[in-house]
Amino acid sequence: MHIKIISIFPEMFYPIINYGITKQAINKKKLQIQLIQLRNFSNNKRKNIDDRPYGGGAGMIFTAPPLKRAIHFSKLKSKTPIKVIYLSPQGKKINQKNIDELMKNHTLILICGRYEGIDERIILTEIDEEWSIGDYVLSGGELAAMVLIDVITRFIPGVIKKKQSLIEESFFHGILDCPHYTRPKKISGIHVPKILLSGNHKKICEWKIQTAIKNTLKKRPDLLKNINYKKITKSKL
Ligand SMILES: NC(=O)c1ccc(NC2CCCC2)nc1
């Protein structure tokens, strides 16, 4: 997967390039991240990339010409299929299920807006899809892009060993994960559930399914309407 990011703050992406699962995926050559500074595509010495909105109103808008140049530059030498994505609160909400649509692409070009957004002509002519990480407004698309990159990276085959992704399987099957415990056996007056120390694999699996459902009922009852017991059972075995 090759992800090209167009932003006026490309340095914001250094943390995901230098730490964690995304760094590992880059080292394993399963992920490539290319940072593109939008200001390099400005047509003036001051490297302006924004202007006041027509029709008045507060704030500034990213102008179309630099974005158009940057997107066309990003598409050069990119392996297809390519998808140009704009991160915005108006976008399609990402979730554990619809992320596999994005996985079908070899190259993703992520556009990170700032201020009040980007010129509509770019959305109409250059953006393939708008995606959102949730119903709230961020000061820029960069944090949303980093979330999207992390979620996508965990889906790249070979990045996370099958067994390691228990949390994914739960959410993928539509419910929350079960509680997790590790040493010490007792802390703050609370013991580790005895069943987890029993070595009885079958009973432990049953406990994981029951507590995952209990967790979901308590924290996200809305998820229980489309539960798939068979898949959950298989995933916990
Ligand atoms: N919920 C989101 O995924 C999201 C994405 C971008 C954004 N802000 C950007 C969009 C245009 C200017 C700042 N806010 C929220």
Side-chain angles (χ1 to χ4, degrees), residues 1 3-17 20-22 31 33-42 46-74 82-105 107-156 167-168 171-172 220 222-223:
M1 171 70 78
I3 299 181
K4 303 188 176 187
I5 301 156
I6 297 174
S7 165
I8 58 172
F9 297 132
E11 298 79 6
M12 284 182 72
F13 292 87
Y14 289 176
I16 64 167
I17 291 171
I21 213 85
T22 35
L31 173 68
I33 293 182
Q34 183 183 345
L35 302 175
I36 293 159
Q37 171 48 272
L38 178 60
R39 293 193 184 284
N40 294 339
F41 295 86
S42 167
R46 288 185 313 285
K47 293 197 176 286
N48 287 123
I49 43 81
D50 59 326
D51 205 337
R52 285 172 294 109
Y54 281 121
M60 302 292 272
I61 304 290
F62 276 15
T63 56
L67 275 170
K68 197 175 167 80
R69 287 192 281 267
I71 291 168
H72 290 189
F73 169 79
S74 314
I82 305 176
K83 194 151 271 189
V84 181
I85 290 172
Y86 177 49
L87 285 306
S88 123
Q90 300 176 26
K92 180 177 179 178
K93 199 90 62 56
I94 70 167
N95 62 44
Q96 210 67 25
K97 287 204 172 66
N98 61 26
I99 222 68
D100 53 14
E101 289 168 44
L102 294 178
M103 298 304 294
K104 291 172 190 147
N105 298 285
T107 305
L108 294 180
I109 299 173
L110 306 184
I111 313 300
C112 301
R114 284 257 147 187
Y115 316 135
E116 297 313 307
I118 65 176
D119 187 293
E120 187 65 11
R121 273 81 56 96
I122 289 294
I123 295 174
L124 295 171
T125 62
E126 301 290 341
I127 302 290
D128 296 316
E129 293 175 3
E130 285 186 80
W131 284 76
S132 167
I133 63 166
D135 290 334
Y136 38 80
V137 177
L138 298 164
S139 45
E142 286 82 4
L143 289 176
M146 283 184 248
V147 167
L148 180 64
I149 292 167
D150 191 276
V151 175
I152 284 173
T153 302
R154 297 174 68 90
F155 269 76
I156 299 172
I167 188 165
E168 250 86 0
F171 234 107
F172 197 79
R220 287 290 305 278
D222 58 296
L223 292 177

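In each ligand, atom 1 is the first atom listed, and ligand 1 is the first ligand listed. Since the model is a prediction, treat every value here as computed from it, not as a measurement.
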Check: residues 7-15 side-chain donor-acceptor pairs under 3.5 Å, at least two apart:
{"residue": "Ser7", "atom": "OG", "partner": "Phe9", "partner atom": "N", "Å": "2.7"}
{"residue": "Ser7", "atom": "OG", "partner": "Glu142", "partner atom": "OE2", "Å": "2.6"}

Check: Taking only residues two or more places apart in sequence, or in another chain, which ones meet Ser88 in a side-chain contact (heavy atoms from CB on, under 4.5 Å)?
Finding: Tyr86, Gln90, Glu130
Notebook entry, point to check: Hey, does the side chain of Asp119 reach the backbone of Arg121 with a donor-acceptor pair shorter than 3.5 angstrom?
Noted result: yes
Notebook entry, point to check: Would you say Asn95's side chain and Asn98's backbone share a donor-acceptor pair under 3.5 angstrom?
Noted result: yes
Item checked: Over all atoms of both residues, closest heavy-atom pair of Leu102 and Leu108 -> O-CD2, 4.1 Å
Pairs under 3.5 angstrom only: tabulate donor-acceptor contacts from the side chains of residues 47-57 to other protein residues two or more places apart or in another chain.
{"residue": "Asn48", "atom": "OD1", "partner": "Arg46", "partner atom": "NE", "Å": "3.2"}
{"residue": "Asn48", "atom": "OD1", "partner": "Arg46", "partner atom": "NH2", "Å": "3.3"}

Note to self: Can you work out which protein residues put a heavy atom within less than 4.0 Å of ligand 1?
What the structure shows: Tyr86, Leu87, Ser88, Pro89, Gly113, Arg114, Tyr115, Gly117, Ser132, Ile133, Gly134, Tyr136, Val137, Leu138, Ser139, Gly140, Gly141, Ala144
